[in-house]
Amino acid sequence: MAKVKYYYDTENLAYRKIKPKKGKRLGVVALFLVSSALFGFLAFVVLLNTPFFETPKDKLQAREIENLKVNYEIISKQMEEATAALEAIEDRDNDLYRAYFNTSAIPDEQRKAGFGGVNRYKELEGYNNSDLVINTTNRLDILLKELAVQSKSLDEIAKLAKDKEQLLAAIPAIQPVKNEDLRHMASGFGYRSDPFTKIRKFHAGMDFSAKTGTPIYATGDGVVQRADSKATGYGNHIVIKHGFGYETLYAHLSKYNVKVGQKVKRGDVIGFVGSTGRSEAPHLHYEVHKGGEVINPINFYYGNISAKEYVLISKLANQENQSLD
């Protein structure tokens, strides 16, 4: 119940009721309504910015941020593992692979070189998590660069391995006539007595005495360059070009088992012992050439004879006896 207010009327000497003006009453009501609305708005803004009141969009963004943090931690760990694995490969590359192939190691300055010049990450600056993004991107760029260096190194190692494999297959490494087929080691490399003139002259190969028709084997992989009797004194002979500067010659054959241009493997039968050309008896005259120079074949029999057999054949080959051609 509203309070009734009075005032004292001095003219009539009596108390009279105060009647409020209708406009003033409306102003009070309007002021109350405005104050209530303003208070309500301020309260809504405060609640909106407190953690106790989140919109679905806020919750979604918060969840995405947490997911990004988790993903970053996973990526960071994976990068650490990849870096450790790469460092292990780099160590093996320098200390094992390159040492084996007798090539120089890649220095750390080349492997770990940074990125100079312009700012590579300018477009990533100015964000809330710029430092995190720039650091991660930089680590990834360094890892990718180190991987590129290592990949190129392994390509080089693969080429060296392939070349070395081909070299090992090409080098003359076995006797052209098997020990069990030999009658004896007739003559070695060096100055020997000529069987026809009896004059001491240089003998450019080794003579293997064997009966006519004994198989002759290619001593290394290569391509048949000659198979004819056009060279003076050699009779029927074969020349195999092995590559890497190596060539071998097989002379005085009774017949061929290959033709010019044919590829052969070490151990293939290429012909048969004979006594064609300037020859005193059935035998194989065998020469090894490197870079156009004739060299002693005794150094190339490690592939199919024992140490004891090598010592014996070396002793016989070094005797200054009479050659058979």
Side-chain angles (χ1 to χ4, degrees), residues 162-189 195 202-305 309-310 313 317 323-325:
K162 184 177 181 180
D163 291 346
K164 190 156 189 173
E165 182 182 1
Q166 293 175 343
L167 171 62
L168 292 175
I171 293 176
I174 62 173
Q175 285 184 186
V177 179
K178 291 182 179 180
N179 275 334
E180 55 265 32
D181 294 332
L182 288 177
R183 288 180 176 174
H184 62 276
M185 177 66 208
S187 181
F189 180 87
F202 187 77
H203 188 240
M206 294 183 71
D207 292 340
F208 296 88
S209 179
K211 65 180 181 180
T212 299
T214 298
I216 298 170
Y217 301 92
T219 57
D221 294 2
V223 178
V224 177
Q225 191 174 32
R226 294 188 63 168
D228 57 54
S229 59
K230 296 178 181 179
T232 304
Y234 286 126
N236 297 332
H237 69 286
I238 292 172
V239 174
I240 297 178
K241 188 171 185 178
H242 301 281
F244 302 95
Y246 287 98
E247 289 185 1
T248 50
L249 180 146
Y250 313 77
H252 310 303
L253 280 62
S254 60
K255 61 179 180 178
Y256 308 106
N257 196 46
V258 292
K259 58 185 179 181
V260 174
Q262 181 177 335
K263 291 182 180 180
V264 295
K265 294 287 187 180
R266 181 184 292 135
D268 287 351
V269 176
I270 58 173
F272 302 91
V273 172
S275 189
T276 58
R278 193 175 184 273
S279 171
E280 189 179 57
H283 74 287
L284 169 69
H285 175 80
Y286 174 64
E287 296 181 8
V288 176
H289 298 251
K290 176 70 166 69
E293 301 291 331
V294 64
I295 53 180
N296 194 343
I298 194 66
N299 299 316
F300 296 89
Y301 299 148
Y302 55 84
N304 66 341
I305 62 174
E309 290 172 328
Y310 179 83
I313 196 173
S323 65
L324 293 177
D325 47 36

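Computed from a prediction, not measured in an experiment: that's the story for all the values here. Note that the numbering runs from 1 along the sequence shown for the chain.
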Here the pair of heavy atoms bringing Ile240 nearest to Ala218 is CD1-CB, 3.9 Å

Report the distance from atom CG of Leu168 to atom CZ of Arg266, rounding to the nearest 0.5 Å. 8.0 Å

About how many Å separate CD1 of Ile238 and CG of Leu249, when rounded to the nearest 0.5 Å? 9.5 Å

Pair Asp163, Leu167 - check side chain to side chain contact (heavy atoms under 4.5 Å, CB included), show working. CA-CA 6 Å; Asp163 291 346; Leu167 171 62; over 6 Å; no

Mind checking the CE-CG spacing from Met206 to Asn296? Nearest 0.5 Å is all I need. 6.5 Å

Using modelled atom types only, decide if a donor and an acceptor are shared between the side chain of Thr214 and the backbone of Lys211 within a distance under 3.5 Å. yes

Applying side chain to side chain donor-acceptor pair (under 3.5 Å) to Glu287 and not counting sequence neighbours gives Tyr234, His285, His289

Run Asp181 and Phe208 through side chain to side chain contact (heavy atoms under 4.5 Å, CB included) and show every step you take. CA-CA 10 Å; Asp181 294 332; Phe208 296 88; over 6 Å; no

Contacts of Lys263 that satisfy side-chain contact (heavy atoms from CB on, under 4.5 Å) - sequence neighbours left out: Val223

Rounded to the nearest 0.5 Å, the NE2 atom of His252 sits from the OG1 atom of Thr212 at a distance of 12.5 Å

Name the residue from Asp268, Ile270, Val269 that meets the side chain to side chain contact (heavy atoms under 4.5 Å, CB included) definition with Tyr217. Val269

Nearest non-hydrogen partners of Pro172 and Tyr286, listed with the distance: CB-OH, 3.6 Å

Listed partners of Asp221 passing salt bridge (Lys or Arg N to Asp or Glu O under 4.0 Å), at least two apart: Lys265

Residues that Lys230 engages under side-chain contact (heavy atoms from CB on, under 4.5 Å), provided they are two or more places apart: Arg226, Asp228

Can you name the side chain to side chain donor-acceptor pair (under 3.5 Å) partners of Ser254, sequence neighbours left out? none

Are Lys290 and Tyr246 close enough that some pair of their side-chain heavy atoms sits under 4.5 Å apart? yes

Has the side chain of Thr276 got a donor or acceptor atom that lies under 3.5 Å from a matching backbone atom of Leu253? yes

What are the two closest heavy atoms between Ala204 and Val294, and how far apart are they? O-CG2, 3.1 Å

Minimum heavy-atom separation for Tyr250 to Pro176, with atom names? CE2-CB, 4.0 Å

As an exercise, state the distance from CD1 of Ile216 to OH of Tyr256, rounded to the nearest 0.5 Å. 10.5 Å

What distance do Asp207 atom CG and Ser279 atom OG have between them, rounded to the nearest 0.5 Å? 8.0 Å

Suppose we screen for side chain to side chain donor-acceptor pair (under 3.5 Å). Which residues come up paired with His242, at least two apart in sequence or across chains? Thr248

Lys241 NZ: over 12 foreign heavy atoms closer than 6.0 Å: no

For residues Ser229 and Asn236, report the shortest heavy-atom separation together with the two atoms involved. CB-OD1, 3.4 Å

